[in-house]
Amino acid sequence: MPSLFSKIISGEIPADIVYRDDQCTAFRDIQPQAPVHVLIVPNKEIPTVNDVTAEDEQLVGHLFTVAARIASREGIAADGYRLLVNCNRHGGQEVFHLHMHLMGGRFMGPMVVRK
Ligand code: AMP
């Protein structure tokens with residue numbers, strides 16, 4: 001079964017896509033936690049950080065360069081932003097397709113803690 005995010009990447013489910021290349025796709029989070037909240041998702045389906053292999057190192061690094069490019073485009077690079085990756089239950093992961101949250105547009109606080 002393709003993940004929810006694979007369905008967004010393939011166009012089966014609509015999303016507000018802000019960036020796309022042959023390695024990753026970025027779209028606005030449906031429940032934004034900040035004025036800018038974008039998810040950067042590898043096109044390849046990797047369920048969690050635990051499933052990242054040495055083969056994926058270039059791809060994972062690419063998520064950072066894309067994050068910086070989107071932050072610049074969104075006008076939040078200079079003020080700063082938070083990048084966040086959740087893993088499994090204790091990390092609060094809800095969608096099991098690796099993704100990086102890019103959040104900014106306001107002061108994000110010292111740390112994200114939701115009890
Ligand atoms: P995580 O808890 O790290 O797995 O984050 C999953 C994120 O996906 C949450 O912030 C959700 O709001 C977001 N999300 C879930 N469904 C969609 C969707 N259809 N389009 C955009 N974002 C979504």
Side-chain angles (χ1 to χ4, degrees):
M1 270 286 282
S3 73
L4 170 65
F5 290 169
S6 285
K7 288 181 182 171
I8 287 175
I9 291 163
S10 71
E12 194 182 323
I13 291 178
D16 186 356
I17 292 176
V18 298
Y19 178 89
R20 187 198 288 280
D21 66 25
D22 59 338
Q23 295 189 84
C24 70
T25 303
F27 47 88
R28 295 193 195 280
D29 196 291
I30 205 166
Q31 283 191 298
Q33 306 294 315
V36 175
H37 188 167
V38 170
L39 302 174
I40 303 158
V41 186
N43 296 338
K44 171 184 172 181
E45 205 169 300
I46 301 171
T48 78
V49 172
N50 291 336
D51 303 298
V52 172
T53 67
E55 247 180 42
D56 301 316
E57 285 175 2
Q58 186 277 332
L59 171 61
V60 171
H62 184 63
L63 302 182
F64 279 86
T65 54
V66 167
R69 201 176 307 169
I70 295 170
S72 174
R73 267 196 208 164
E74 295 284 328
I76 62 171
D79 283 341
Y81 48 88
R82 175 163 290 150
L83 299 176
L84 180 75
V85 179
N86 294 321
C87 181
N88 278 343
R89 193 163 55 91
H90 282 189
Q93 186 174 4
E94 289 171 0
V95 178
F96 288 84
H97 183 150
L98 186 71
H99 51 282
M100 178 185 277
H101 295 254
L102 163 63
M103 291 173 286
R106 65 167 169 83
F107 177 57
M108 297 306 301
M111 185 51 78
V112 172
V113 178
R114 202 188 322 158
K115 289 188 178 165

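Note that ligands are numbered from 1 as they come in the structure, with each ligand's atoms numbered from 1 the same way.
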Can you check whether [X] reaches [Y] side chain to side chain, under 4.5 Å on heavy atoms?
{"X": "Phe27", "Y": "Ile8", "result": "yes"}
{"X": "Leu102", "Y": "Glu74", "result": "no"}
{"X": "Val52", "Y": "Ile46", "result": "yes"}
{"X": "Tyr19", "Y": "Arg73", "result": "yes"}
{"X": "Ile9", "Y": "Glu45", "result": "no"}
{"X": "Leu39", "Y": "Met100", "result": "no"}

Inset, instruction - Give me the ring orientation class for Phe5 and His99: parallel if the planes are under 30° apart, tilted from 30 to 60°, perpendicular past 60°. - result: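 Geometry flag for His99 against Phe5: perpendicular rings.
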Counting non-hydrogen protein atoms only, what is the nearest one to [atom]? Give residue, atom name and distance.
{"atom": "atom 16 (N) of ligand 1", "value": "Leu4 CD2, 3.4 Å"}
{"atom": "atom 11 (C) of ligand 1", "value": "Asp29 OD1, 3.4 Å"}
{"atom": "atom 2 (O) of ligand 1", "value": "Gly92 O, 2.9 Å"}

Where does [X] meet ligand 1, judged by heavy-atom distances below 4.0 Å: at the side chain, the backbone, both, or neither?
{"X": "Arg28", "result": "backbone"}
{"X": "Phe96", "result": "neither"}
{"X": "Leu39", "result": "side chain"}

Inset, instruction - Say whether Val95, considering both its backbone and side-chain N or O atoms, lies within less than 3.5 Å of an N or O atom on ligand 1. - result: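 Checking ligand 1 against Val95, an N or O pair does fall under 3.5 Å apart.
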Inset, instruction - Flag Ile30 as yes when one of its N or O atoms lies below 3.5 Å from any N or O atom of ligand 1, and as no otherwise. - result: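 Ile30 vs ligand 1: N/O contact under 3.5 Å present.
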At less than 4.0 angstrom from any non-hydrogen atom of [X], what atoms of ligand 1 do you find?
{"X": "Phe27", "value": "21 (C)"}
{"X": "Ile8", "value": "18 (C), 19 (N), 20 (N)"}
{"X": "Gln31", "value": "12 (O)"}
{"X": "Phe5", "value": "8 (O)"}
{"X": "Asn86", "value": "1 (P), 2 (O), 3 (O)"}

Exam field: side chain [X] to backbone [Y], donor-acceptor pair closer than 3.5 Å:
{"X": "His97", "Y": "Pro42", "answer": "yes"}
{"X": "Asp79", "Y": "Ile76", "answer": "no"}
{"X": "Gln93", "Y": "Pro47", "answer": "yes"}

Inset, instruction - Measure the distances from the heavy atoms of Ile13 to every atom of ligand 1 and state whether one is below 4.0 angstrom. - result: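 Outside the 4.0 Å threshold, so no.
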Legend entry - Best match, His99, Glu94, Gln93: closest heavy atom to atom 3 (O) of ligand 1: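 Looking at heavy atoms only, the winner is His99.
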